[in-house]
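What follows is a single structure, written as structure tokens, with notes after it.
The chains referred to below are lettered A, B, ... by the order of the sequence lines, with proteins before strands, and numbering in each begins at 1. These figures come from a predicted structure and were not determined experimentally.
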Amino acid sequence: VINFSTRRAAGLSAIVLSAVALTSCGSDSDAAQGGDSGPLVIASWGGAFSEATRALAEEFTADTGVEVEVLDAGDHVSTVQSMAEAGTTEWDMLDSMALADSAQLESEGLLAHWPTDVDSELVEKYGQDNVTDYGYAWSGYGFVVVCNKDAVAACPTNFTELFDTEKFPGRRMLPTQTEYTLAAATAVASGIPADEVFPDDTDVDALASTLKGISDDVSVWWTAGDQQNQALQQGEADMGIMASGRAYQLVDEGMNLQVSWNGVSIVGSTNVLENAPHKDEAFQFTTWVADHPAAQAKWMEAMGYTTPSVEALDSVPAELKERLSTNPSNSAGLMQQDIDWWLANKDAVDRAFAPVITG
Amino acid sequence: VSSVSSVAEAPVVPRSAPPRRPWSLRFTGWAGLALALPLLVVLVLFVLYPLVQVFLDAFSEGRGFERYADVFTYSVSRKALTTTLLDSVVVTVLATASALGMAWFLHVSSRRWVRVVLWTVALIPMWMGVVVKNYAIFIMLSGNGPVNAVLTGTGIVDKPLALLYSDGAVIFGIAYSLVPYAVLSFYATISQIDAGLLTAAQSMGASRVRAVLGIAFPLARGGIVTSMALVFILSIGFYVTPVLLGGPQTSFMATYVAEQITKRYDYAGAAASASVLLVVAIVVVGGVMALVGRGTFKRAIS
């Protein structure tokens, strides 16, 4: 009897352990598809983002006959790096990368540069500010100051007020140090004029001590997008820095949320990979999108984020336009990212800010 | 040998060519090795090689030993390491406290429904998906969640407590996840104790408590220590729970390693952090094995 029950328990634990091992090793079979003959592969971000890009791609396919597969991906940079290392690049395009991540991949030689004709097309449609050698701006929004008016008596409307815990008491939610916006917010709160952020002589340690000054009032350091919504919905935070699209989601759900367009303008950069198996189709997709502002407008409506085409912005419904970062009354209060400074200093920011955040 | 030949001569066995060598339950060393070879190859390729490689990767971009030193000198990394170890100690104590009693009653209870209920309660955390389980705890502990609703509703506190993003939330989440492992492991040890011994002790005048502490506990001690080591080692590797319930302010080593890879692209540093965690696990296993002896160790984990 003793042996039987021991063995049963042992067998049970063996089954359980192997089940755990199996489920934790779920393979990403989507990423294994593609290849030279397959469709153009665009690595997107999952959820609504992938859906919006998929709808755009479907319109492209209907028009040109080129098949497109939009993947739900996550860690684009490390995936692209390891695919390049393995010599089997299966992706063609990266949807709306963070500027710093794009620049990182560019510095490693992993991004294709636009051929002359594609480049002139992009510059004509989007303007020079929205085009680099290796990417075009896509999916713009603002990191703005939000505040739950039902939770606190006084609501901050900009970064300086958000960092003033005496006049504006309440629990804050802030991004972590790997987000450009946190450094920019501490710079403004330290007294650097918003249009000068970041000056060359910025003292990163001084920014970290500004952050230290309010860290006791920060209840949530968000690391993932959806955490911003959760923190306000679940009452974990009363105010903070949040992506504009997400803020309006909460407004639409009925939260009494004040959205102040004083923050940082964020744009993504859409890229073609240097080793893309369908490079020509990727360039074709790029110019097709630039040529179709109506399709871009649909993307904006689906995502609540903006695209660089002025023509597209003017054709979206007025109530959506009011919520987009490129709408002139909104963009007036937004700082542009100083991506050169960030690339040169993000390791220093990380090293100085991380100890403040982990406490 | 004699029993084998008597079976061969039994009338029910159809007689064919007489076996050249009597069948034996024991393999020769070479046959055993040959049979185990596929598994050995898989283990070397997919377990041993990557583990060694992780240690070496820390040296891949120069500054090898300095990277190992960084793990202990950089305040963020050091805090992640101490949080991982201290929280895991508390997790081990909590999981042991709740699982030991369950394992004991599973062994001694003669009522079927008690055992069914206990097994169900013990194993439910394992049947739930990792994300579902942690998200459920997340909702429970959040500012507008049920726990705070009860606390404020009954007037115990005025304002909702910040339960999330703390060591307490992480410890609770991990301990809950590990109770099934603890129960199964404790049960493997405890079920070997002959309940008759307790009856014998009581018949000779010992109280129930004295019988359990004086007879059952010493028999189970080695297994209990081993099971606690198992829980501790599983706990120090947790990733999802510290991310969801702890946030950046309660970072575990696994969280920190992931951040090194995905946010800083610091693969060598990540390899050094992972190696340190692995060494801690090996030291704990080795220490416990030395403490309780190999036999007890093997019984408790198999």
Side-chain angles (χ1 to χ4, degrees), chain A residues 1-17 19-20 23-24 74-79 81-82 101 104 108 151 171 173-179 215 218-224 227 230-238 346-347 350-351 353-359, chain B residues 74-80 83 103 106-107 119 123 126-127 129-130 135 138-139 141-145 148 159-160 162-165 180-181 183-194 230 234 239 243-244 247-251 255-256 258-259 261-267 299 301-302:
Chain A
V1 173
I2 289 168
N3 260 337
F4 173 69
S5 54
T6 314
R7 260 166 41 202
R8 195 171 51 173
L12 206 51
S13 57
I15 291 166
V16 163
L17 288 174
V20 169
T23 48
S24 60
D75 290 324
H76 292 54
V77 173
S78 47
T79 310
Q81 284 169 336
S82 51
D101 287 346
Q104 169 81 28
E108 294 175 23
R171 290 163 308 156
M173 68 165 185
L174 296 178
T176 54
Q177 77 280 6
T178 50
E179 288 281 351
S215 62
V218 180
S219 56
V220 179
W221 301 95
W222 54 258
T223 49
Q227 240 182 317
Q230 283 165 359
L232 289 169
Q233 278 169 327
Q234 304 288 337
E236 289 298 319
D238 309 318
K346 76 180 164 83
D347 289 345
D350 182 27
R351 268 194 111 71
F353 282 29
V356 178
I357 291 167
T358 54
Chain B
Y74 182 41
S75 68
V76 174
S77 165
R78 192 174 56 226
K79 171 130 193 284
T83 305
L106 279 167
H107 176 51
W119 274 126
L123 296 183
M126 202 147 61
W127 294 334
V130 165
Y135 200 73
F138 179 92
I139 304 251
L141 299 181
S142 65
N144 297 340
N148 266 317
K159 282 173 73 178
L163 300 171
L164 272 181
Y165 304 123
Y181 297 86
V183 169
L184 286 171
S185 181
F186 286 142
Y187 184 71
T189 300
I190 286 174
S191 60
Q192 293 176 54
I193 297 171
D194 187 350
L230 177 78
L234 289 174
Y239 172 71
V243 167
L244 271 175
Q249 56 270 60
T250 319
S251 178
T255 331
Y256 181 68
E259 209 167 85
I261 293 173
T262 61
K263 293 282 198 291
R264 301 184 189 124
Y265 316 123
D266 177 11
Y267 300 104
R299 267 200 306 282
I301 61 167
S302 61

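Between A/P355 and B/V76, the closest heavy-atom pair is N-CG2, 3.4 Å.
Once rounded to the nearest 0.5 Å, the distance linking OG1 of A/T358 with CZ of B/R78 reads 10.0 Å. Taking OH from B/Y265 and CG from A/D101, the interatomic distance works out to 3.5 Å, rounded to the nearest 0.5 Å. Taking CD from A/Q227 and OH from B/Y165, the interatomic distance works out to 4.0 Å, rounded to the nearest 0.5 Å. Here B/L163 contributes atom CG and A/E236 contributes atom CD; the two are 8.0 Å apart, rounded to the nearest 0.5 Å.
At a 4.5 Å heavy-atom cutoff, the contact between A/T176 and chain B is made by side-chain atoms alone. Only the side chain of A/D75 comes within contact range of chain B, judged by heavy atoms closer than 4.5 Å. For chain B, the nearby part of A/Q233 is the backbone; its heavy atoms alone come within less than 4.5 Å. When heavy atoms are compared at a cutoff of 4.5 Å, A/R351 approaches chain B by way of both its backbone and its side chain. Residue B/P248 touches chain A through both its backbone and its side chain, counting heavy-atom pairs closer than 4.5 Å. Neither the backbone nor the side chain of B/Y239 has a heavy atom closer than 4.5 Å to any heavy atom of chain A.
No donor-acceptor distance shorter than 3.5 angstrom exists from the side chain of A/Q234 to the backbone of B/G143, with no hydrogens or angles considered. In this structure, B/K263 contributes its side chain and A/T178 its backbone to no donor-acceptor pair below 3.5 Å.
Interface remark: of the candidates A/S219, A/S215, A/S78, A/S219 forms the most heavy-atom pairs closer than 4.5 Å to chain B.
Side-chain atoms of A/Q81 and B/Y267 include a donor-acceptor pair closer than 3.5 Å.
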